[in-house]
Structures are given as C-alpha cells and as structure tokens.
Amino acid sequence: MQALVIGSGGREHALAWKLLQSPQVTRIYCAPGNGGMQQLPRCQSVALAATDIEGLVRFATVQGIRLTVVGPELPLVQGIVDAFQAAGLPIFGPSRAAAQLEGSKLWAKQLMQEAGIPTARATGFAELSAAVAYLDSQSFPVVIKKDGLAAGKGVTVAQNREEAVQALEAALAKPGDQVLIEEFIPGQEVSVLALTDGQICVLLPPAQDYKRLGEGDTGPNTGGMGAHAPADHLVTPEGLARIQTQILDPTLEALQRRGIRYQGVIYAGLMITPSGDPYVLEYNCRFGDPEAQVILPLLENPLDEVLLACIEGRLAQIQLKWKPGYAACVVMAAPGYPDTYERGIPVSGLDAAATTGALVFHAGTRQAGKQLLSDGGRVLCLTGQGATLSEALRQAYAAVEQVQFPKAYYRSDIGSHALGPAVRRGVIPTP
Ligand code: AMP
Ligand code: GLY
C-alpha cells in the first residue's frame with residue numbers, strides 16, 4: 001500500500017517513520033515533507049503545499065494512494081477530508097464540520113457547555129466596548145482567546161486590566177472578529193489524545209508538552225519545546241478513565257447529536273487542577289506536535305491498521321498495544337524562535353545523534369545538495385526512550401549533545417514537570 005503524509009514538521013516525520021514500519025506500507029509520499037522525511041527509505045517528497053487541496057486530491061488519485069494522513073490543522077479546517085472523500089480517497093482526519101472543534105473556540109465552548117463537559121467559564125464577544133465593560137466583573141488573571149485558527153498566538157493570559165484591554169483590542173481589530181473571555185484555571189497541563197472512528201474513542205497515553213520557550217515555563221508560548229509520555233505522574237489510569245467518561249465520550253456524543261461524524265484524532269488540551277479535576281482548555285483536531293513524537297514510538301500496532309480502522313468505522317475491533325516505559329523528546333529550535341528566526345543554518349551530527357539510540361525527527365530542515373540546512377523555527381526533535389522517564393530523557397539529551405547546529409536553542413529542563421526542578425542541564429535525577 002502507498003500512503004501519503006501531509007505536512008512538513010516533526011509530527012509528520014514521526015507519522016511517516018511509524019507508517020514505514022508496517023509490512024503493508026510499500027511507499028510513502030510526503031507533501032511537502034522535510035529534509036529528514038526525504039531521507040527515509042521508500043519515502044519521496046512531493047512539491048505540493050499542505051493546503052493545496054486540489055493538487056493533493058489529483059496526486060492521490062493518480063498515484064492510487066490507499067491511506068492519506070493529515071498532520072496540520074489548517075487543511076483539515078479548510079475541508080481537505082471532505083474533498084478526498086468526495087473523490088473516493090481514504091483519508092484519516094475530521095471533516096470540515098468536525099474540525100470546527102479546533103477551528104472555532106466559540107463553537108467548541110458552546111459544545112462543551114451544552115454537553116456539561118468541565119471547562120473554564122467563558123463568554124463570547126464581537127464588540128470591544130461590551131468586552132471591555134465585561135472585564136469589570138472579572139478577576140485577574142483572565143484569559144482572552146481570539147476565535148479562529150491563530151497558529152498558537154491567539155491566547156493571552158492577562159495579569160491585569162491593561163493587558164486584557166490590549167489583548168481584546170488586538171483580537172477584535174477587524175470586522176467579524178470574535179473573542180472569548182475565559183476564567184483562568186490554575187494547574188498543570190496535559191495533552192490527552194483520542195483516536196475515534198465516529199462511534200467510539202480510544203485514549204492514547206497522556207503526554208505533557210512544554211509550551212513555553214524558557215526554562216521553568218517562562219517566556220512566550222511556542223508550538224512546544226519538548227514532551228514526554230505517558231504523563232502518569234499527573235494522570236493515573238483511573239484519572240484517564242475519568243477523562244474518557246467526563247470529557248472525550250461526551251465530546252463525541254455532542255458531535256453525534258449535531259449530526260457530525262468525527263473520524264481522526266481528538267486532542268483535548270487539559271488543565272489538571274491542584275485538586276485533580278480535569279478541565280478542557282482547548283481541542284485540537286489532529287495529533288500534537290511534539291506529542292506525536294513521544295506517543296507514536298510507544299505504539300506497538302502497525303499505524304496503518306489503526307488509522308484505516310478509524311476511517312472505516314471499525315476501531316472497536318482494534319486492541320491498541322503500548323510498549324512499557326517512557327518516551328521523551330527535546331526540540332532544538334533556530335535562534336529567534338518563536339518570533340522571526342534565522343533559516344539556512346547548517347545542521348550536522350545526526351548520524352552520531354542516532355547512535356545514542358534516540359530517534360531523530362526533523363521538524364524544519366531542507367536538504368541543499370549534501371548539506372542539511374535549518375528551514376523552520378523548530379528544527380529537530382530528538383526522542384529518547386527508556387524503562388524510566390529519566391532514562392528516556394538521558395537518551396534524548398545525549399542525542400542533543402551530538403548535534404552540530406550553531407546557535408541552536410533548546411530547553412534543558414524537559415522532564416521537570418514530572419521529576420521536579422532539579423532537572424536542568426546535565427542533571428536528570430533517578431526517582
Ligand atoms: P491554547 O492555545 O488554548 O492551548 O492556550 C495557550 C495556553 O494558554 C495554554 O497552553 C495554557 O497555558 C493557557 N490557557 C489557556 N486557557 C487557559 C485557562 N482557561 N486557564 C489557564 N490557562 C489557560
Ligand atoms: N503541542 C501543541 C500542539 O500540537 O498544538
């Protein structure tokens with residue numbers, strides 16, 4: 001079987017790598033892919049953008065692609081799944097209607113409120129004056145969320161009125177803009193991803209993403225600077241069962257009540273409060289990046305079988321099997337990320353990095369002749385595995401040490417949410 005992976009980040013590299021381990025998968029095309037995916041055996045990049053829906057449908061039809069997997073949210077929200085289905089092409093991911101779960105924060109909030117899913121209280125506004133007036137009844141910090149896709153930049157946690165007003169002004173700058181003003185929920189964040197075929201959903205091991213740029217969770221939000229799974233220091237098996245019955249099952253039922261069949265990944269971004277209660281902060285309609293780079297290495301099943309079962313509505317027949325132990329990844333980013341960053345920095349030492357046993361996923365690279373160059377904000381993602389989280393982290397950081405990438409930035413405290421603040425450069429405690 002030939003498969004097509006759409007996207008060009010670390011998540012897509014991990015998807016292609018995992019698909020290639022299946023005996024059924026003979027060849028993978030990636031559109032547009034990156035410098036690392038290109039180097040995978042039996043993998044070929046195709047010069048089509050992830051949002052070139054027409055071009056991708058044509059390509060998949062001509063090539064006879066039997067499984068397409070969509071990495072990023074934008075083509076999903078634009079309706080790539082509907083277009084593939086109309087052409088009779090099997091594709092993993094939610095339809096345009098279903099992808100509103102990520103595409104519109106207001107729509108998702110309404111769905112949660114109707115279904116009684118635990119989430120922060122929030123009110124929607126389209127007018128600045130009404131939104132500013134509402135602030136007077138709120139305590140701080142307060143969370144301002146711009147509606148619609150914002151590539152990780154649409155949320156402000158405002159510490160005071162002035163910051164909140166500024167965020168509201170920015171979020172309501174154009175006619176038609178809408179915003180949510182949301183109660184701040186304290187706690188620790190965890191990403192719980194579920195596979196669904198529209199009828200049932202099956203939860204994947206919870207993962208913890210390190211979203212802030214700086215060590216100790218400081219600085220601006222990023223796409224994610226590292227992750228580890230399973231996040232069992234925060235979510236026990238009982239906690240995960242509760243998340244299924246209180247959050248993911250009701251989400252699927254609420255979609256069904258709207259006449260929407262959701263097939264793909266539902267990613268619930270949760271806050272676990274100090275008393276242990278889970279609240280939904282946001283939904284995403286796809287695998288997380290870098291969560292995929294720590295979840296997929298733990299999966300034993302051939303990925304194509306699992307994804308096809310979702311597409312074909314027979315997920316109940318699949319028993320997911322997980323490797324024991326942990327996976328942890330560290331993202332190496334270009335200087336300047338997440339703002340404007342340099343591109344074209346030479347990157348080498350990846351063979352040496354792989355000798356540590358770590359998985360080397362490319363996030364933003366391109367091949368220029370024999371030379372690999374950085375070509376994005378997040379450039380590499382190194383995933384270590386081990387019987388303990390400490391072992392997995394040691395392997396990931398050992399790989400980082402082997403990479404030659406001038407001025408690379410990475411966090412040296414990935415793992416600290418689970419192992420405590422003692423995790424810092426070169427110090428990984430054994431619990
Ligand atoms: P999101 O894009 O929805 O993931 O939001 C970005 C970040 O803002 C999250 O990762 C949280 O750290 C924070 N955040 C969002 N909503 C809330 C909330 N209601 N309470 C506290 N923090 C939040
Ligand atoms: N790691 C956060 C995301 O994929 O949205």
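Numbering of ligands and ligand atoms starts at 1, following listing order.
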| said: Below 4.0 Å from ligand 2: does a non-hydrogen atom of Gly224 turn up there or not? | reply: no
| field | Gly223, any N or O under 3.5 Å of ligand 2 N or O | value | yes
| said: Regarding Glu102 and Arg286, does a basic nitrogen lie under 4.0 Å from an acidic carboxylate oxygen? | reply: yes
| message | Ring centres under 6.0 Å, that's the criterion: do Tyr134 and Phe125 meet it? | response | yes
| Is the shortest distance from a Lys or Arg side-chain nitrogen in Arg411 or Glu215 to a carboxylate oxygen in the other one below 4.0 Å? | no
| request: For atom 5 (O) of ligand 2, find the nearest protein heavy atom and state the residue, atom name and distance (0.1 Å precision). | output: Arg286 NH2, 2.8 Å
| query | Taking all non-hydrogen atoms of both residues, which atom of Leu56 and which atom of Ala49 are closest, and how far apart? | reply | CD1-O, 3.5 Å
| Enumerated ligand 2 atoms positioned under 4.0 Å from heavy atoms of Asn284 | 5 (O)
| If you measure from atom 17 (C) of ligand 1 to every heavy atom of Val155, Asn221, Leu281, which option wins on shortest distance? | Leu281
| field | Mode of Glu183 contact toward ligand 1 - side chain, backbone, both, neither (heavy atoms, under 4.0 Å) | value | backbone
| task | Considering the heavy atoms of Glu182, write down every atom of ligand 1 situated less than 4.0 Å from one of them. | result | 16 (N), 18 (C), 19 (N)
| said: My understanding is that we take every heavy atom of each candidate and find the minimum distance to atom 4 (O) of ligand 2. Doing that for Val331, Asp289, Leu193, which one comes out nearest? | reply: Asp289
| request: Report, in ascending order of atom number, the atoms of ligand 1 lying under 4.0 Å from any heavy atom of Ala120. | output: 19 (N)
| field | Heteroatom distance test (Asp209, ligand 2): nitrogen or oxygen, under 3.5 angstrom | value | yes
| note | So for Arg11 against ligand 2, with non-hydrogen atoms under 4.0 Å, the contacting part is neither
| Pair Arg258 + Glu114: basic N to acidic O under 4.0 Å | yes
| request: Could you tell me whether Tyr337 and Tyr409 have their ring centroids closer than 6.0 angstrom? | output: no
| Under a heavy-atom criterion of less than 4.0 Å, does Ala227 contact ligand 2? | no
| note | Within 4.0 Å of some non-hydrogen atom of Glu189, the atoms of ligand 1 are 9 (C), 10 (O), 11 (C), 12 (O)
| query | Between Tyr267 and Tyr283, does a ring-ring contact (aromatic ring centres under 6.0 Å, His included) hold up when you go through it step by step? | reply | CA-CA 6 Å; Tyr267 164 152; Tyr283 291 109; 9.5 Å; no
| Can you find a heavy atom in the side chain of Glu182 that is under 4.5 Å from one in the side chain of Val142? | no
| task | Quick one: closest heavy-atom pair of Ala60 and Phe84, and the distance? | result | CB-CE2, 3.7 Å
| field | Proximal ligand 1 atoms for Lys211, defined as those under 4.0 Å from one of its heavy atoms | value | 4 (O), 10 (O)
| said: Show, in sequence, the C-alpha distance, side-chain angles and deciding distance for Val403 and Leu382, and conclude whether the side-chain contact (heavy atoms from CB on, under 4.5 Å) test is met. | reply: CA-CA 10 Å; Val403 173; Leu382 302 143; 4.2 Å; yes
| request: State whether the shortest distance between N or O atoms of Ile185 and N or O atoms of ligand 1 falls below 3.5 angstrom. | output: yes
| said: If the threshold is 4.0 Å, N to carboxylate O, is there a salt bridge linking Arg242 and Asp277? | reply: yes
| said: Distance under 4.0 Å to a non-hydrogen atom of Met271: what atoms of ligand 1 satisfy this? | reply: 21 (C), 22 (N)
| Hey, looking at atom 16 (N) of ligand 1, which of Lys105, Lys145, Glu282 has the closest heavy atom? | Lys145
| field | Numbered atoms of ligand 2 (with element) below 4.0 Å of Glu291, judged on heavy atoms | value | 1 (N), 2 (C), 4 (O)
| message | Tell me which one of Arg11, His228, Arg378 satisfies side-chain contact (heavy atoms from CB on, under 4.5 Å) with Pro290. | response | Arg378
| query | By number and element, which atoms of ligand 2 are closer than 4.0 Å to a non-hydrogen atom of Gly288? | reply | 4 (O)
